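Reviewing the structure listed below.
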Number of protein chains: 2
Amino acid sequence: MARGTYERQAMVRRSATGRIGIAEVAVKAGVSHATVSRVMNGNFTVDPEIASRVRAAAAELKYQPNPVGRSLALGKTDTIGIVVPDLANPTFQAILRGLSRAAAQDGYRVLIADSFEVSSEEAILAGEARRRCDGLVLCAPRMSDAELEEIVPSLHPLVLINRTTTAADVPSLVVDYGQGVQDLAGHLVELGHTRLAFLAGPPRSASNGLRLEGLEAFKAANPQVEVLMLEGGSDFDTGHEAVDAVLDSGATGILAFNDLVAMGLMSGLHERGLDVPGDISVTGFDDIPFARYTTPTLTTAAVPITELGQQAWHQLRALIRKEENDAPGSRYQPRLEIRASSGPAKAPRSAAHG
Amino acid sequence: MARGTYERQAMVRRSATGRIGIAEVAVKAGVSHATVSRVMNGNFTVDPEIASRVRAAAAELKYQPNPVGRSLALGKTDTIGIVVPDLANPTFQAILRGLSRAAAQDGYRVLIADSFEVSSEEAILAGEARRRCDGLVLCAPRMSDAELEEIVPSLHPLVLINRTTTAADVPSLVVDYGQGVQDLAGHLVELGHTRLAFLAGPPRSASNGLRLEGLEAFKAANPQVEVLMLEGGSDFDTGHEAVDAVLDSGATGILAFNDLVAMGLMSGLHERGLDVPGDISVTGFDDIPFARYTTPTLTTAAVPITELGQQAWHQLRALIRKEENDAPGSRYQPRLEIRASSGPAKAPRSAAHG
DNA sequence: CTCACGCGAGAAAGCGTTTTCTCGGTTCGT
DNA sequence: ACGAACCGAGAAAACGCTTTCTCGCGTGAG
């Protein structure tokens with residue numbers, strides 16, 4: 001029983017900061033703080049008896065290592081950052097969720113940086129977040145290509161969502177919005193619609209650009225159908241306020257920028273006494289959870305967005321661990337999800353009614 | 001022109017970690033790293049000429065202070081944490097958003113910890129998050145009172161959401177779910193409903209408990225109306241799967257645990273060919289953004305949840321700054337939001353039909 | 001019996017900052 | 001003209017941890 005040596009140190013005075021540190025544990029256990037560190041990190045080169053003495057002291061003092069000190073010594077924070085333009089948007093919420101869950105399984109935490117749609121802040125925000133973390137996931141749909149290229153090198157390890165870059169070692173996870181919108185348009189045409197309208201998203205958004213490209217391709221392949229462009233945005237209100245423009249367009253099939261816009265639009269149409277899909281068909285994009293529960297249920301293009309968040313972590317993890325990454329980035333194909341908001345076309349409506 | 005002194009150090013070799021540190025800037029500017037620190041922190045006790053020399057060197061090397069080192073020296077991280085049980089739930093998304101936005105305005109970042117409904121993890125998660133941050137916001141609706149009381153002292157500065165504690169200096173932000181549910185029930189009764197059913201939330205949830213208390217009070221005050229209890233949960237599927245139970249209950253007015261459950265239920269009723277509110281009235285709770293855009297639009301009790309997130313930051317900030325806090329915590333009254341999903345009662349339905 | 005070797009634990013350096021302490025050089029007052 | 005404040009900047013300590021380096025002791029071999 002080689003006790004007494006350390007039991008005499010009954011009183012432990014806390015360090016300057018008031019919190020229990022490695023030093024207090026070392027004193028209480030009668031060893032050096034180096035040994036405490038070894039024990040806490042499961043280093044087996046330490047005598048079992050001493051180890052248990054240290055563990056006892058640590059438990060008794062409820063010692064919890066200070067992660068900041070640890071991070072400084074180790075040069076890593078076990079934290080990743082994500083920059084999103086708008087946390088109110090279900091798409092980014094879902095990415096965040098997938099990312100957070102996947103990262104948590106590997107013991108990493110997530111720091112969020114919401115740019116609140118102020119794209120001029122995104123670069124600064126990204127830089128700050130990056131320096132606090134071991135890696136970054138960047139969602140910056142409105143940032144210019146030039147600015148993106150400029151900041152990307154300083155952000156490594158980095159994973160981009162719905163953007164691409166020429167820089168090496170920067171995986172891009174992009175959803176093929178162009179294909180998705182073509183599938184939706186094709187679906188409406190099969191139902192007999194010949195006059196479609198695209199209720200666009202935010203003007204400078206990258207994913208809106210992809211949709212527009214897809215529609216151009218669609219128009220080229222289907223010259224017999226009219227595709228009108230309507231200005232829009234990305235939320236409920238956009239859709240709700242677009243009712244007049246939609247009706248004036250005379251289109252019978254409406255491709256909304258996303259599910260939110262589609263829901264706002266359907267709500268507005270309903271208020272006008274119009275029937276969906278009887279009078280007019282509406283499609284969304286994304287397949288957010290709510291899309292199954294709208295009335296009528298929403299035809300949309302499903303994007304495995306939570307899975308994308310998870311994949312973002314896997315790509316980022318490979319970068320952090322400096323592993324060989326066979327598939328740097330990937331492309332997600334939306335899946336057509338036909339529900340009740342799209343139906344056969346009525347006789348074509350005439351434009352400029354009322 | 002006292003140049004040359006420092007311009008000779010054209011080559012700057014990066015530190016061990018590869019990143020540019022204060023040391024590199026110091027060498028390039030020909031000063032000590034202490035001086036660089038002073039300049040970077042706007043300390044005016046430094047000679048303007050030297051200061052600008054330092055700034056030039058910093059700019060040229062694109063020096064960005066390492067926040068980890070800074071945090072260690074300063075004993076603060078400029079980061080707060082939030083623990084939520086489920087990031088998929090719009091309520092917590094909204095809290096997070098309000099919190100994040102408010103904190104960002106004061107230069108703080110937010111670290112998220114999602115417990116994924118595993119309440120046994122919550123305590124550990126909370127502790128870990130806390131140690132990495134300057135303060136914590138805890139949403140742990142399922143944690144037992146005993147466990148909560150046990151961990152609370154070690155989490156200070158701490159703000160609780162929808163929980164209370166006996167510990168001092170721990171503000172609680174709680175929504176008065178009891179009052180809200182009574183308002184909703186009262187509304188249905190005014191419409192002539194005499195047989196109500198409450199589609200409950202997760203059994204051990206604190207906010208569900210508050211609703212149940214409210215309903216008890218309501219029953220006591222309105223002995224003429226029947227209030228049935230139905231088991232449930234907190235998401236779409238719960239509501240959707242509860243259709244049979246709801247119909248069997250014979251109730252004409254349904255109080256759903258929250259908006260999600262209400263939406264699931266309405267969707268299920270719609271599939272059965274039933275009309276809301278013609279055949280049956282449905283109310284939700286929370287007034288999530290989607291509630292305005294369902295068909296029919298959803299009668300619900302509006303909770304200023306984003307504002308609550310913002311308030312959480314203000315309370316936490318006061319704690320971090322050790323300010324006097326005149327109003328430690330507050331209570332939020334839901335506002336009855338009458339929309340189209342509730343209407344006059346039909347002739348009472350008989351239970352156990354078909 | 002002595003020497004080399006190995007093992008376990010303490011000493012110390014290092015991570016990148018901030019901040020106190022100290023000291024050399026001015027400047028001002030007398 | 002001499003000493004006392006003063007000021008600006010470098011040296012060094014501190015923050016809390018990990019890890020390398022070093023050294024003492026014990027064991028086994030020659």
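In what follows, chains carry the letters A, B, and so on, assigned in the order in which the sequence lines appear, proteins first and then strands, with residues in each chain numbered from 1. Small disclaimer: the values here were computed from a predicted structure and weren't measured. Note: hydrogens, waters and symmetry copies are ignored here, and every other heavy atom, side chains too, is used.
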*Whole angstrom is fine here: how far is it from CD1 in Ile22(A) over to P in dC17(D)?*
5 Å
_For a quick check of understanding: with a heavy-atom distance under 4.0 Å over all strands, which category does Phe44(B) fall into, base, sugar-phosphate or nothing?_
nothing
*So which one's nearest nucleotide on DNA chain D is more toward 5', Pro67(A) or Asp47(B)?*
Asp47(B)
*NA contact type, Thr45(B), heavy-atom cut-off 4.0 Å: base, sugar-phosphate, or nothing?*
sugar-phosphate
*Under 4.0 Å between any heavy atoms, over every strand shown, what does Val31(B) touch: base, sugar-phosphate, or nothing? Just pick one.*
sugar-phosphate
*Take atom CZ of Arg53(A) and atom P of dG8(C), then tell me their distance rounded to the nearest Å.*
15 Å
*asked:* Starting the side chain at C-beta, find the nucleotide from dC17(D), dG10(C), dT17(C) nearest to Thr35(A).
replied: dG10(C)
*Of the candidate nucleotides dT18(C), dT19(D), dT18(D), which contains the atom at the shortest distance from the side chain of Ala34(A)?*
dT19(D)
*The side chain of Leu72(A) lies closest to which of these nucleotides: dG16(C), dT18(C), dA11(D)?*
dG16(C)
*Find out whether Ile112(B) and Val84(B) are in side-chain contact, i.e. whether some heavy atom of one side chain is under 4.5 Å from a heavy atom of the other.*
no
_Nucleotide nearest Asn66(B) when distance is taken to its side chain, options dG16(C), dG16(D), dT18(C)_ = dG16(C)
*Atom NE2 of His33(B) and atom P of dA14(D): how far apart are they, to the nearest Å?*
14 Å
*Counting heavy atoms not belonging to Glu323(A), are there more than 12 under 6.0 Å from its CD?*
yes
_Residues Glu122(B), Arg142(B): salt bridge by 4.0 Å N-O rule_ = no
*Could you tell me the separation between the CG atom of Asp78(B) and the P atom of dT18(C), rounded to a whole number of Å?*
12 Å
*Round to a whole Å and report the spacing from CG of Asn43(A) to P of dG8(C).*
10 Å
*Taking atom P of dG16(C) as reference, at what distance in whole Å does atom CG of Leu74(A) sit?*
13 Å
_Heavy-atom donor-acceptor pair, Arg38(A) side-chain to dG8(C) base, under 3.5 Å_ = no
*Does Tyr63(B) place a side-chain N or O at less than 4.0 Å from the phosphate oxygens OP1/OP2 of dG16(C)?*
no
*Round to a whole Å and report the spacing from CZ of Arg70(B) to P of dG16(D).*
17 Å
*For Ala123(B) and Met143(B), which heavy atoms make the closest approach, and how far apart are they?*
N-CE, 3.9 Å
*Between dG16(D) atom C1' and Ile20(A) atom CD1, what is the distance in whole Å?*
13 Å
*asked:* Mind checking if Ser37(A) touches a base, just sugar-phosphate, or nothing, with heavy atoms under 4.0 Å?
replied: base
*Which nucleotide sits closest to the side chain of Val46(A): dA9(D), dA9(C), dA12(C)?*
dA9(C)
*asked:* Using a strict threshold of under 4.0 Å (side-chain N to carboxylate O), is an ion pair present between Asp145(A) and Arg163(A)?
replied: yes
